[in-house]
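Reading through the C-alpha cells given below for one structure.
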Amino acid sequence: MKPALIFYLFLLLFISHTNYAQTTFDDPEIKKMVAEVKSENMEATVRKLVSFGTRHTLSDTKSNTRGIGAAQRWVKSEFDKYALASGGRLTSVIDFFTIKAGGRRIATDSQLGNVMATLKGTDLTDDRVLIISGHLDSRASDVMDSKSDAPGANDDASGVAAMMELARIMSQREFPFTLIFVAVVGEEQGLYGAKHLADVAKEGKWNVIAMINNDMIGNSLSSGTLLRDNTKVRVFSETIPFLETEAESKMRKSTNRDNDSPSRQLARYIKTVTNQYVEQLDINLVYRNDRFLRGGDHTPFSQNGFTAIRFCEMNENYDHQHQNVRKENNIQYGDLAEFMDFEYMKKVTCSNLATFSNLAWSPKAPTNVGIEVKDLTNFSTLVWTAPEGKSVYGYNILIRETSSQHWEKTIFVKDTKAEIPYSKDNFFFTVQAVDALGHSSLPIFPLPIR
Ligand SMILES: [Zn+2]
C-alpha cells in the first residue's frame with residue numbers, strides 16, 4: 001500500500017473516531033477542588049450553628065449568642081472571610097424582607113433575612129445565574145415554638161455547611177457568570193425565604209439556569225427500619241413542570257416527554273458528574289418534586305418556572321428531625337450533631353461542588369434543538385444552533401432507551417447537525433454543549449421538526 005493511502009486511511013479512522021467517541025474528560029481543577037472539601041470544616045460549621053441554641057425563624061434577633069439573628073450574622077461573617085480571600089469578587093448581604101402577620105405559621109409582622117453571597121462572573125455579557133441553598137432556620141416539635149432548643153444539626157445546618165464549603169472553595173476561582181450561595185430562612189414556617197428570592201429572581205428576569213437545594217444531607221441511618229447506607233443520596237426533581245402552558249403540555253404528550261423535564265435533566269446531569277468525580281456515592285433519582293407531607297426551598301423556584309432540584313439523604317431519621325431535645329424510654333430525640341455522619345455529608349458536598357463547578361464553567365446550552373421526524377428511517381437526525389458566548393469544543397448527544405432512567409450512551413460531534421444510527425422511535429435523545437475541558441451544559445430535549 002502506498003504511504004499516501006495508508007495516511008488517508010489512518011486519517012479517516014481518526015476522523016470517524018473523533019466524531020463518534022465517547023467523551024469523558026476529567027477537569028483536573030474540579031478534581032483538585034473536590035479534594036479541598038473537608039469534613040472537619042463542615043462539622044465545625046454544623047456545631048457552630050447548633051451552638052446558637054435555636055435558629056427558629058421567629059427567635060431572638062438581638063442576642064449575639066442565641067437565636068436566628070446571631071446565626072445570620074455569623075454566616076455573613078464567614079462569607080466575608082471568603083470574600084477577603086477572593087480579592088473582593090465575593091460580596092455578601094443579609095437580604096431582609098417583611099412577612100405580614102396572619103400568614104401561615106407567622107403570628108406577628110416579622111422581618112426575615114436570607115444570608116446571601118454573590119460571586120460575580122468574569123464575563124459581563126454572560127447573564128446566567130446559578131443558585132445553591134440550604135436553610136438556616138430550625139424548629140422544635142411545635143413549629144411555632146421559638147424559645148425551646150432546636151439544634152437543627154442535620155435539618156438544615158448540614159445543607160448550610162455544604163453551601164458554605166462551596167462558597168469557600170469556589171470563591172478562590174473565577175467563573176464566567178454569577179454564582180449565588182444562600183442560607184435562606186423561614187423554610188419551616190412555609191418556605192418564605194426561598195419564595196422571596198425566587199420572586200426577586202422572577203421579577204428581575206434573572207437567567208437562573210439551575211437552583212440546587214440541600215436540605216438534610218448528613219444522616220445515613222433510618223429510624224424504624226434501621227437501614228444504614230452512606231453510598232446513596234436522593235435528588236428530587238419535578239416530573240411535570242409546575243409552570244406548563246397548554247401548548248407545552250400538548251408538546252409533552254406528543255413527544256412522550258414525561259420523564260424529561262428540565263429539572264429531571266438537571267438531576268441526571270448531577271448523576272453523571274457525580275459518577276465522574278465522586279467515589280462511592282450514587283445519585284438516587286426520585287421522580288417527584290419532594291417527599292410526602294414536606295416541602296423544600298427548590299419548590300418556589302420550580303413554581304416560578306426555574307430548573308430546580310433538592311438533594312436529600314437516602315435514609316431519614318424521624319427521631320432526629322422536628323423533635324424537642326429529650327429522652328423518652330431511653331431514646332434520645334432531637335436533631336443533634338452526634339447523630340450525623342460527616343463523611344457521608346462530605347461526599348454529598350463533593351457531588352454538589354463537582355456539579356456546580358462543571359455547570360459554572362460550561363458553555364451555554366445549544367438552542368433550537370430539533371429532531372427531524374419527516375421520514376421513516378432507522379437513523380435519527382438532530383440539528384441545533386450553536387450557543388453564543390464561551391467557545392464550544394463540540395456537543396454530546398445523550399441517548400437512552402425509552403424505559404431507562406439514565407443516559408446509556410454518549411456520541412460526541414463537532415458539527416451542529418448529526419445523523420446517528422439509532423431510531424427515534426426507540427430512544428430518547430438530548431444535546432449538550434461541551435468545552436475542551438469537558439464542562440458540559442445542561443442537556444436540551446429536542447422538539448420535532450416536520
Ligand atoms: Zn429542612
Side-chain angles (χ1 to χ4, degrees), residues 42 45-46 49-50 52 54-59 68 71-72 75 104-106 112-115 131-146 148-164 181-198 211-223 233-237 286 288-303 308-325 333-337 339-341 344-345 348-349 352:
M42 285 180 292
T45 300
V46 167
L49 290 171
V50 168
F52 296 111
T54 175
R55 304 185 308 279
H56 190 278
T57 295
L58 308 175
S59 62
I68 188 72
Q72 284 167 322
V75 173
R104 192 169 158 253
R105 297 176 171 181
I106 298 281
L112 274 53
N114 295 332
V115 191
I131 300 176
I132 183 166
S133 80
H135 71 83
L136 188 59
D137 60 308
S138 63
R139 61 169 284 186
S141 298
D142 174 0
V143 71
M144 297 307 288
D145 176 0
S146 61
S148 299
D149 277 353
N154 188 40
D155 187 10
D156 182 32
S158 67
V160 173
M163 175 277 292
M164 289 172 69
F181 307 87
V182 60
V184 296
V185 294
E187 196 273 349
E188 305 290 6
Q189 310 309 114
L191 313 178
Y192 286 106
K195 188 171 184 329
H196 166 72
L197 185 58
M211 186 276 178
I212 293 177
N213 167 28
N214 283 277
D215 196 349
M216 298 197 299
I217 56 165
N219 165 69
S220 58
L221 174 68
S222 70
S223 52
V233 63
R234 293 176 292 176
V235 170
F236 288 85
S237 58
V286 183
R288 33 173 59 116
N289 176 60
D290 211 331
R291 307 147 308 144
F292 283 108
L293 301 176
R294 271 100 29 97
D297 293 317
H298 56 306
T299 301
F301 285 86
S302 299
Q303 287 167 339
I309 59 90
R310 172 189 187 146
F311 272 94
C312 190
E313 61 210 15
M314 195 65 216
N315 301 310
E316 289 187 53
N317 198 313
Y318 301 110
D319 295 344
H320 307 307
Q321 50 172 275
H322 301 191
Q323 294 276 7
N324 283 350
V325 179
Y333 291 91
D335 190 354
L336 299 165
F339 296 110
M340 289 176 64
D341 178 341
Y344 172 66
M345 187 176 150
V348 178
T349 305
N352 270 271

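Values reported hereafter were calculated over all heavy atoms of this structure, with side chains retained and with hydrogens, waters and symmetry mates removed. As the structure lists them, so they are numbered: ligands from 1, and atoms in each ligand from 1.
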| message | Quick one about H322 and D335 (side-chain donor to acceptor, distance below 3.5 Å, no hydrogens or angles considered), yes or no? | response |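 Checked: D335/H322 side chains show no N/O donor-acceptor pair below 3.5 Å.
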
| Got an N, O or S from D156 under 2.8 Å of the Zn ion (ligand 1)? |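 So D156 does not bind the Zn ion (ligand 1) by this criterion.
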
| message | If the cut-off is 2.8 Å, does any N/O/S atom of E187 fall short of it from the Zn ion (ligand 1)? | response |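 No - counting backbone and side chain alike, E187 has no N, O or S atom under 2.8 Å.
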
| message | Suppose we only allow N, O or S atoms; which atom of D215 ends up nearest to the Zn ion (ligand 1)? | response |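 Result: OD1.
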
| request: Examine distances only and state if a side-chain atom of R55 and a backbone atom of T57 form a donor-acceptor pair shorter than 3.5 Å. | output: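 The answer is no, because no donor-acceptor pair under 3.5 Å joins these two groups.
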
| message | Whether the side chain of S138 engages the backbone of A150 through a donor-acceptor N/O pair (distance < 3.5 Å, no angle test) should be reported. | response |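 Checked: pair present.
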
| Looking at side-chain heavy atoms only, is the closest gap between E316 and R234 below 4.5 Å? |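 Yes, at least one pair of side-chain atoms sits under 4.5 Å.
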
| query | Vertex the Zn ion (ligand 1): angle to NE2 of H135 and OD1 of D155, to 10°? | reply |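 About 90° at the Zn ion (ligand 1).
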
